[in-house]
Number of protein chains: 2
Amino acid sequence: MLRNSITLKKIAIKLNVSISTVSKALKDSHEISADTREKIKAYARINGYRPNSIALSLKNQKTKTIGIIIPDIVNDTFSKVIEGVDQIAKKKGYNIMISSSNESLEKEAYNLKTLSDSQTDGFILSLSKETMLNKNYNHINYTIKSGIPIVLFDRVSDDIDCDKVIVDDVKGAYDATNLLIQKGKKNILLITTEDHIIVGKLRTQGYERALKNNDIKLDQALILKVDGDDRSEKFFFNLEKLILNTFKNNSQINGVFAVNDEYAGIVLRALKKLNLSIPQDVSVVCFTDGVISRFSSPSITAVRQHGIEIGRNSATKLIERIENDDNHNLPYRVDVISTIIIEREST
Amino acid sequence: MLRNSITLKKIAIKLNVSISTVSKALKDSHEISADTREKIKAYARINGYRPNSIALSLKNQKTKTIGIIIPDIVNDTFSKVIEGVDQIAKKKGYNIMISSSNESLEKEAYNLKTLSDSQTDGFILSLSKETMLNKNYNHINYTIKSGIPIVLFDRVSDDIDCDKVIVDDVKGAYDATNLLIQKGKKNILLITTEDHIIVGKLRTQGYERALKNNDIKLDQALILKVDGDDRSEKFFFNLEKLILNTFKNNSQINGVFAVNDEYAGIVLRALKKLNLSIPQDVSVVCFTDGVISRFSSPSITAVRQHGIEIGRNSATKLIERIENDDNHNLPYRVDVISTIIIEREST
DNA sequence: TCAAATTACTACAACGTTATAGTTACTTTA
DNA sequence: TAAAGTAACTATAACGTTGTAGTAATTTGA
């Protein structure tokens with residue numbers, strides 16, 4: 001906070017006019033004579049007057065700030081969403097406040113509460129795993145009901161009535177699986193999370209649907225459901241062993257679809273140990289087009305979610321609702337950001 | 001903003017007391033009788049009264065908000081710093097505002113200006129490439145002089161007088177290069193950026209120092225200086241070709257030190273094409289312990305910068321200065337966060 | 001020539017909060 | 001029994017802004 005910042009009052013005293021006069025002059029009001037106007041504007045310019053936005057927020061009951069609450073900050077996909085929100089926010093004169101829920105329901109609710117205390121005009125939020133697991137959406141529904149708009153993205157819920165921006169996980173997974181099948185790989189290993197992680201569940205559905213549409217029998221032995229919450233070194237070490245074993249017991253596998261790029265990275269490691277060549281022996285596709293997909297060897301064909309677009313779309317929607325005076329009459333919209341497959345060396 | 005939010009005034013009217021009474025009762029002032037106090041507190045509790053933080057900010061001339069301005073949001077290292085800042089900020093009751101400078105001087109200055117308009121009590125900032133290139137720090141020095149504390153991290157400058165949190169890039173690079181030498185790899189290819197990117201320059205110095213200390217002659221042919229600003233697909237494709245060529249012309253190379261994990265990822269790709277095995281034929285080490293280092297095959301030995309610690313340290317320093325009434329008398333401190341080497345399969 | 005209109009300002013309230021300075025009414029104290 | 005003290009409140013100003021309403025002084029019009 002500028003200690004020696006200049007205010008309307010200080011200008012008024014200095015120039016021997018009233019505060020109102022200064023305020024109006026700076027707004028080019030015709031109520032103020034050209035002479036006075038110029039004098040005031042010149043003084044303000046020279047002294048670097050900038051309106052105090054806290055005072056404006058209090059007066060206007062608008063903070064021009066939007067809050068983002070995400071489960072994890074250190075995450076490529078979420079970072080891209082923030083980037084997208086930042087782009088739109090900047091353009092529309094909004095600032096963004098960030099807070100991480102750390103996949104915890106309690107922290108998510110706490111952040112929502114504290115940031116709601118007149119600090120933000122609205123929220124962009126992706127549900128924490130714990131929130132989804134407990135299906136406890138009271139904090140969110142309460143916030144919406146009290147008049148603060150929320151846009152949910154990616155991890156959403158049908159039990160919350162609000163604007164949403166989602167990725168068509170089923171279709172993305174379907175396309176990815178289908179690509180493998182088109183390349184002649186019909187024995188496809190799926191590496192996914194347990195069902196309580198909704199995106200894992202949906203991507204599994206896409207996989208299953210692709211097999212069905214191509215008359216390929218579903219083989220439960222080729223579906224590895226792992227603990228989606230664990231991202232420790234040990235977990236990935238065990239995952240590698242699990243993959244190795246699966247390949248040993250199912251030598252017919254010639255394709256792998258992983259629901260995220262971390263799992264795909266581990267797959268590559270396992271395949272290397274098995275001396276299987278990619279994509280000749282086994283083709284690999286994954287969801288999430290992040291740095292792992294781009295920089296691994298071979299680079300991995302991936303389903304790109306357009307995180308930046310998700311962020312831009314969410315921000316646009318939110319700001320529209322914030323600035324629409326009777327936003328309660330605006331029907332809630334759900335936008336599906338379509339995915340595309342970025343083909344790389346692994347297929 | 002809560003439309004129907006409850007204020008002291010509303011409580012006062014409802015309970016037929018003055019606003020002052022309500023304010024004092026909620027603060028457990030002994031000036032208010034136990035009876036009235038309880039009545040007011042009960043009413044406030046039931047109606048979910050929460051003080052309006054904008055009004056408090058205006059009154060106290062403190063926003064309890066810190067601004068983070070970073071060159072790039074979608075970046076593992078910066079994300080970790082944000083995470084660290086978030087941890088400390090939450091603990092001390094601060095919120096964080098985020099803005100990306102996109103490596104642009106103009107945007108950096110703009111963000112600093114708008115967020116300074118009474119929205120933030122202080123800043124945590126890492127210089128954009130353009131800012132460093134132009135050596136234009138007016139916006140930053142101006143902000144500091146006007147009383148808003150700034151903590152610089154990672155990309156800092158001697159021309160700015162403020163608290164700083166840095167990584168010992170020279171030592172990290174020295175250690176990394178030294179590790180290769182200890183493993184018997186004395187012909188080490190360095191992949192670095194041009195000198196105007198300070199961290200690239202410092203890491204190059206560490207490489208050179210390690211060679212010198214081990215009486216290894218510096219071979220300019222083994223130093224690739226690439227355009228650190230370019231991160232396009234095409235650039236990395238060309239980088240791969242450049243690396244391939246360098247290996248063809250310098251068959252003695254048996255170690256590689258890359259100043260970031262992206263370059264290291266490309267190195268792995270090139271080595272694979274050359275049919276060189278890692279770490280037997282060539283060992284690889286890089287700066288930046290991100291997802292690429294962890295998930296590539298083989299996993300890459302990396303210099304970990306402790307981004308979270310950088311964030312925690314910066315936030316602690318900043319908040320200390322914000323809350324210290326005469327922070328001008330506090331001498332500026334520079335903390336060096338030491339790096340460690342995470343050994344993996346590539347060495 | 002005097003009411004009406006216009007010009008160029010100022011005063012005030014409000015946004016929500018808190019600290020300081022009153023103001024009652026009642027209770028001590030000498 | 002009157003001065004002093006205390007308990008339990010209320011009023012006011014201030015943080016920085018803006019919009020509405022008000023007020024002089026001057027100019028216009030018939």
Side-chain angles (χ1 to χ4, degrees), chain A residues 1-41 44 47-65 114 116-121 146-147, chain B residues 1-41 43-44 47-65 114 116-121 147:
Chain A
M1 179 112 359
L2 280 167
R3 296 189 182 298
N4 51 352
S5 72
I6 185 135
T7 64
L8 294 183
K9 194 178 180 181
K10 288 182 187 163
I11 299 179
I13 292 170
K14 198 81 186 181
L15 300 184
N16 228 318
V17 291
S18 75
I19 298 177
S20 318
T21 303
V22 179
S23 171
K24 285 176 181 165
L26 293 176
K27 293 203 132 44
D28 266 325
S29 162
H30 56 91
E31 282 183 69
I32 310 299
S33 70
D35 247 32
T36 316
R37 232 185 308 171
E38 279 319 310
K39 196 177 59 183
I40 291 173
K41 283 168 77 176
N47 291 277
Y49 169 78
R50 317 207 78 227
N52 179 310
S53 59
I54 292 290
L56 284 173
S57 294
L58 184 60
K59 182 111 197 23
N60 302 332
Q61 301 288 86
K62 295 253 170 188
T63 58
K64 284 260 179 184
T65 297
T114 52
S116 299
D117 294 338
S118 315
Q119 303 205 50
T120 32
D121 294 342
S146 69
Chain B
M1 179 114 356
L2 280 167
R3 297 190 182 297
N4 50 350
S5 72
I6 184 134
T7 65
L8 295 184
K9 195 178 178 181
K10 286 182 188 164
I11 300 181
I13 291 171
K14 199 78 185 180
L15 300 185
N16 227 320
V17 291
S18 76
I19 298 177
S20 320
T21 304
V22 178
S23 172
K24 285 177 179 165
L26 294 177
K27 292 201 133 44
D28 266 324
S29 163
H30 57 90
E31 284 184 68
I32 309 300
S33 70
D35 247 32
T36 316
R37 234 184 307 171
E38 279 319 309
K39 196 176 61 182
I40 291 174
K41 284 168 75 177
Y43 186 87
N47 291 276
Y49 170 78
R50 317 206 79 227
N52 179 312
S53 59
I54 291 290
L56 284 174
S57 294
L58 184 60
K59 182 110 195 28
N60 303 332
Q61 300 288 85
K62 294 252 171 193
T63 59
K64 283 268 185 177
T65 298
T114 50
S116 299
D117 295 338
S118 316
Q119 304 205 50
T120 31
D121 293 341

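Labels below follow one simple rule: chain letters A, B, ... track the order of the sequence lines, proteins then strands, and each chain is numbered from 1. Here the structure is a predicted model, which is why all the values come from computation and not from measurement.
Distance alone, capped at 3.5 Å, is enough to place a donor-acceptor pair between the B/Lys10 side chain and the B/Ser5 backbone. Looking at A/Asn52, its side chain does come within 3.5 Å of a backbone N or O of A/Ile54 through a donor-acceptor pair. No donor-acceptor distance shorter than 3.5 angstrom exists from the side chain of A/Arg50 to the backbone of B/Asp117, with no hydrogens or angles considered. Side chain of A/Thr63 to backbone of A/Gln119: a donor-acceptor contact under 3.5 angstrom is found.
In terms of polar N and O atoms assigned as donor or acceptor, the side chain of A/Gln61 never comes within less than 3.5 Å of the base of C/dC15 in a complementary pairing.
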Restricting both atoms to N or O, compile the protein contacts to nucleotides 24-27 of chain D shorter than 3.5 Å, with distance only.
none

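Residues from residues 12-27 of chain A placing a heavy atom under 4.0 Å of any atom in DNA chain C, listed by number, are A/Val17, A/Ser18, A/Ser20, A/Thr21, A/Lys24.
When side chains are defined from C-beta on, B/Ile40 does not count as touching B/Lys24, because their heavy atoms never get closer than 4.5 Å. The shortest side-chain heavy-atom distance between B/Val17 and B/Ile32 does not fall under the 4.5 Å cut-off. Looking at heavy atoms from C-beta onward, A/Leu15 lies out of side-chain contact with A/Thr21 at the 4.5 angstrom threshold.
Among the nucleotides D/dT17, C/dC9, C/dT17, the one closest to the side chain of A/Leu56 is D/dT17.
Between B/Asn60 atom CG and D/dA13 atom P there is a gap of 20 Å when expressed in whole angstrom units. Taking atom CD of B/Glu31 as the reference point, atom P of D/dA11 lies 15 Å away to the nearest angstrom. Counting to the nearest Å, the P atom of C/dA14 and the NZ atom of A/Lys62 are 22 Å from each other. Across the protein-nucleic acid pair, B/Leu8 atom CG and D/dT10 atom P stand 13 Å apart, rounded to whole Å. A straight line from CZ of A/Arg50 to P of D/dG16 spans 16 Å, rounded to a whole angstrom. For the pair A/Ile54 CD1 and D/dA14 C1', the computed distance is 16 Å after rounding to whole Å. Separating the CG atom of A/Asn52 from the P atom of D/dT18 is a distance of 10 Å, rounded to the nearest angstrom. Rounded to whole Å, the distance from CG on B/Asp28 to P on C/dT18 is 13 Å.
The shortest heavy-atom contact between B/Asp121 and B/Lys64 is OD2-N, 2.7 Å.
Note on B/Lys9: a side-chain N or O is less than 4.0 Å away from OP1 or OP2 of C/dC15. The phosphate of D/dC15 (OP1 or OP2) has no side-chain N or O of B/Ser57 nearer than 4.0 angstrom. For C/dC9, the OP1/OP2 oxygens have a side-chain nitrogen or oxygen of A/Ser33 closer than 4.0 Å.
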- [ ] Tell me, with the steps shown, if A/Leu8 and A/Leu26 meet side-chain contact (heavy atoms from CB on, under 4.5 Å).
- [x] CA-CA 10 Å; A/Leu8 294 183; A/Leu26 293 176; 3.7 Å; yes
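The residue among B/Ile32 and B/Leu58 whose nearest nucleotide of DNA chain D is located toward the 5' end is B/Ile32.
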